Every structure is written in structure tokens, then in C-alpha cells.
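The residues of the chain are indexed from 1 along the displayed sequence. Atom set for the values below is all heavy atoms of this structure, side chains included, hydrogens, waters and symmetry mates excluded. Remember, predicted model here, so these are calculated numbers, not experimental data.
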Amino acid sequence: MSCLISVTTPFVLGIALGGALAGCSSASTGAETSGRETPAKAVQTEAVRREDVKRTVNVSGTLAAENEVTVSSQAGGVVSRLLADLGDRVLAGQVLVELDREKLQYNLDQQKAALARSLARYGAAEPGKLPPIEQTPDVKRAAAELNQARQSFDRASELNKRQLVPRQALDDADAALRAKQASYDMAIQGAKNMSADVDAANAAAKLADRELRDASIRAPFEGYIQRRLVSLGELVKAQMPVMSVVRVDPLKVTAEIPEGLAPWVQGGQLVDLQVDAYPDRIFTGKVSRISPTVNAQTRAFPFEALVPNGEGLLKPGTFVKVKLTTDHVEPVVTLPYAALQYRYGVNRAFVVQGDRIVGHELKLGDRLGDRIEILGGVAAGDVVAMTDVDNLADGMKVSLKSPVE
């Protein structure tokens, strides 16, 4: 660059000289600055790749108890003992509430006495071992008398044929035989009635025994007490609720599968669950039931999955995130999740082109571990920058480090 200075007067000479020198200095500095370039940023890279992946279904669900029941009393009485309370773990058949047994015991004793009287009249020792009706005392006596009357009639008939006895004697023998036959028939009917009495007394005794046993209200299955509904000394009537019992191992997850994904889910398929209480822990369950019809409101198929809960960490009613890995395999384009730059609601990745990077807006699919599915924006084989992604800019000059393995 050259500077031409024209001088007319000494004063003007000083001003012009100073300004010209300053202008020359500024121009020289600008030329030096424009000659320096921004150094290239060293970045690691990785190629966008195509791979086959098993599709996953991510839905929300709710944990529920597989078995939950409100236990009711089958007998009436006053609560004499409470043997379980809220939160207690109980076993199948364990007594929860004990009712007063005194009146029930008296009723059982009375029915047993009635049964013993019926057995004695019938001539038996046990309800299940009754002798044949023909072997009862009254029937045996009536049978013997009938047999004797029949023999008397046969003798009178033979003698009358020989005209050794008058006709009146034969008629008397016939009348006696008919009377003894009637007595025998009555004895048979009486024995049948006594047999029925034994059966009735036995049933009444069994019912009284059952009522006595029902005074001990028991847990129908292993679980935990969810609610206690009666107090000590309270009068309980039949069919009155006394306790609520819930089984928490296993629990079931209830959720819905979107209509389009339903063919990907099968019974027996494993599911992964996450709950807010244990964010770093994965619980595993298994699909147990799938509805055969779609929910008309949500256009989704309800399903259930059983989840082991031996430690009791999961609680019924908890919200859960459900992930099902299906057997449906699709080829997809993926890149590392770390290669994404998210800014102003837009996801971008920077593709290396020569010694520069070019930002590409991305359309994202499913998250696949440390990678993410790309539905649009880059293609398989494109090389993307992986270093300091948040500070990269479109058109930035870069130099390449060794690719990320």
C-alpha cells in the first residue's frame, strides 16, 4: 500500500502528516489480521450406520394386586380377639378375628346329643356305619312275628284241607298273618324314618361344628392386611366385612398396547418396569393376559403382566413405565445419542464434509440404548462429529481425530 501526501503550509503539513501516518498504520494492521485464519477444531467422528433392531413398545401402566379380597364373617357373635391389624403379613388360613365361641359351643353340644339319641334308636354306633334297615331291632322283631304268623297260617290251611280244623280257625290264622304283615311294613317304615332322623341330626351337628369353626375368621391366602374394619367387643353379624387382605407377590401391571403395535406383543413375553421410587432399578415381569378386543375409546388393547415382588418393594396403585422388547426386527439408521445437539426445539447433527462441518436437522425415532434411530436428516455412511457437540456451529473448520470405536 502507498500513501501520497501533499503539503501546502507548515501547519497543514503537521496535521496531514499525522493523519496520513495513522491511516497507513491502520491499513497495515488490517491486512495482517485478515491474513490469519481461525484454527481448525479437533473432533472425533463416527459414521451413521444401518442396523437391524428389535422394536420396543413403551407404555405407561399401573401396578395392582393380583388378589384382593374383603373378608366377611360367616357367623354372628362378639369380637373377642383381633389377631391381625393394618400392614401385618398373614399366611393362608391364619386366624384374623376370633368371635365369642360360648353359645356356638353349646349349640354344637346340643346337636351332638340329638345325633346320639337318633343313633341309639336306630341301633347304630356311628352315622356313617348304619346297619341295613332289616337289621334294626323293631324290624327284626316284626319279621320274626310275621314269620310265625305265616307258619300258623300254613298249618291251619293244611289241617283245614284234611277237615281237621274248622274254617274259622283258618280265617283266624289268615287275619293274624295280615296283621303281622302290616306290623312288619310299619317297622320297615319306622326304620327308614329313624335313618332319616340320623342323617338330619348328623347334618345339624356338622352345621353346628362349622358355625363354631367360622367363629375363627381366617385369611383366604397369603398377603397383607390392607384394612381392619371391626373393633374388639363389636357385635358382628353374618356376612359383615371384618378385614381386607391383599396379595402383593406377585403384582400385576395393567396397561394398554397401541392398536398398531398389538401384533408385536405375545403372552409370556418379558417386560421391563421402572417406578419413580427406584429410578435406577429395572423390575422384570411377564405378559400374562392380552384382551382380544380393542378399547373403543383409546384404540388400544389392554394387557396384564405379572411381576414377582418377593422383596415387597413394589406397591399396588403405583404408576410404572413399561418397556416391551418384541420379536419384530426392522432395519434402521442410527447414530450415537451423544452426537445430537438440541437447540431451540431442533435436534441437529454435524456432518463432516472435507475440513468443514455442516449442520443437519434431524427427525428422530426410538431411543436404542446409547444410540438413537434417525428417520430423516442424515443417511447411513455419513460421518458426524462427536466432540464438544453443544459448541459446534455450521461451517466450522475441523480436523479429524481417530474415529470413535
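With sequence neighbours excluded, the residues that form a side chain to side chain contact (heavy atoms under 4.5 Å, CB included) with Gln151 are Asn147, Arg155. Checked against side chain to side chain contact (heavy atoms under 4.5 Å, CB included), Ala204 has the following partners two or more places apart in sequence or in another chain: Gln111.
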Please table the atom pairs, donor to acceptor, closer than 3.5 Å between any side-chain atom in residues 229-239 and protein atoms at least two apart or in another chain.
from   : atom 1 : to     : atom 2 : distance (Å)
Glu234 : OE1    : Ser231 : N      : 2.9

With a 3.5 Å cut-off and sequence neighbours excluded, list the donor-acceptor pairs that the side chains of residues 275-284 form with protein atoms.
from   : atom 1 : to     : atom 2 : distance (Å)
Arg281 : NH2    : Glu311 : OE2    : 2.6

Between side-chain atoms of residues 382-392 and protein atoms elsewhere (two or more places apart, or another chain), which donor-acceptor pairs fall under 3.5 Å?
from   : atom 1 : to     : atom 2 : distance (Å)
Asp382 : OD2    : Ala379 : N      : 2.9
Thr387 : OG1    : Gln44  : N      : 2.7
Asp388 : OD1    : Asn391 : ND2    : 2.8
Asp388 : OD2    : Lys41  : NZ     : 3.2
Asp388 : OD2    : Asn391 : ND2    : 3.1

Scan the side chains in residues 120-138 for donor-acceptor partners under 3.5 Å anywhere in the protein, sequence neighbours excluded, and list what turns up.
from   : atom 1 : to     : atom 2 : distance (Å)
Tyr122 : OH     : Pro131 : O      : 2.9
Thr136 : OG1    : Ile133 : O      : 2.8
Asp138 : OD1    : Arg141 : NH1    : 3.3
Asp138 : OD1    : Arg141 : NH2    : 3.4

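Residues Leu306 and Lys286 are not in side-chain contact: their nearest non-hydrogen atoms beyond the backbone lie 4.5 Å or more apart. Within the 4.5 Å cutoff, side-chain heavy atoms of Leu96 are placed close to those of Val90. No side-chain heavy atom of Val253 sits under 4.5 Å from any side-chain heavy atom of Glu304. Taking 4.5 Å as the limit, some side-chain heavy atom of Leu364 sits within range of a side-chain heavy atom of Leu340. The shortest side-chain heavy-atom distance between Gln181 and Asp185 falls under the 4.5 Å cut-off.
Judged by distance alone, the side chain of Arg356 and the main-chain N or O of Gly395 form a donor-acceptor pair under 3.5 Å. Under the 3.5 Å distance criterion, the side-chain polar atoms of Ser157 are left unmatched by any main-chain donor or acceptor of Phe153.
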Criterion side chain to side chain donor-acceptor pair (under 3.5 Å) on Ser216 and Arg101, from CA distance to verdict
CA-CA 9 Å; Ser216 299; Arg101 302 166 64 91; 3.2 Å; yes
Show the numbers, then the answer: is there a side chain to side chain donor-acceptor pair (under 3.5 Å) between Asn295 and Glu256?
CA-CA 9 Å; Asn295 186 322; Glu256 292 188 334; 3.1 Å; yes
Side chain to side chain contact (heavy atoms under 4.5 Å, CB included) between Ile225 and Asp85: does it pass, once the steps are laid out?
CA-CA 6 Å; Ile225 301 300; Asp85 210 332; 5.5 Å; no
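Side-chain contact check for Gln110 and Tyr106: no donor-acceptor pair (N or O, by modelled atom type) lies under 3.5 Å. For Glu51 and Thr334, the side-chain atoms include at least one donor-acceptor pair closer than 3.5 Å.
Separating the CG atom in Leu314 from the CG atom in Asn309 is a distance of 4.5 Å, to the nearest 0.5 Å. With rounding to the nearest 0.5 Å, the separation of CG in Leu368 from CD1 in Ile374 is 9.5 Å. Note: Leu86 CG to Asp88 CG = 8.0 Å, rounded to the nearest 0.5 Å. Atom CZ of residue Phe303 and atom CD1 of residue Ile257 lie 5.0 Å apart, to the nearest 0.5 angstrom. Within the model, atoms OG of Ser73 and CD1 of Ile217 stand 4.0 Å from one another, a figure rounded to the nearest 0.5 Å. For the atom pair Leu207 CG and Asn202 CG, the distance stands at 11.5 Å (nearest 0.5 Å).
A salt bridge does not link Lys103 with Glu211: none of the charged nitrogens is closer than 4.0 Å to a carboxylate oxygen. With respect to Lys252 and Glu66, no salt bridge is recorded, no charged nitrogen being found less than 4.0 Å from a carboxylate O. Salt-bridge formation is not detected for the pair Asp154/Arg150: no Lys NZ or Arg NE/NH1/NH2 atom is positioned less than 4.0 Å from an Asp or Glu carboxylate oxygen.
Geometric assessment of Arg367 against the ring of Tyr337 yields a positive cation-pi assignment under the 6.0 Å and 45° thresholds.
Of the candidates Leu63, Leu251, Val59, Val320 forms a side-chain contact (heavy atoms from CB on, under 4.5 Å) with just one, namely Leu63.
The minimum heavy-atom distance between Ala208 and Leu108, with the atom names listed, is CB-CA, 3.6 Å.
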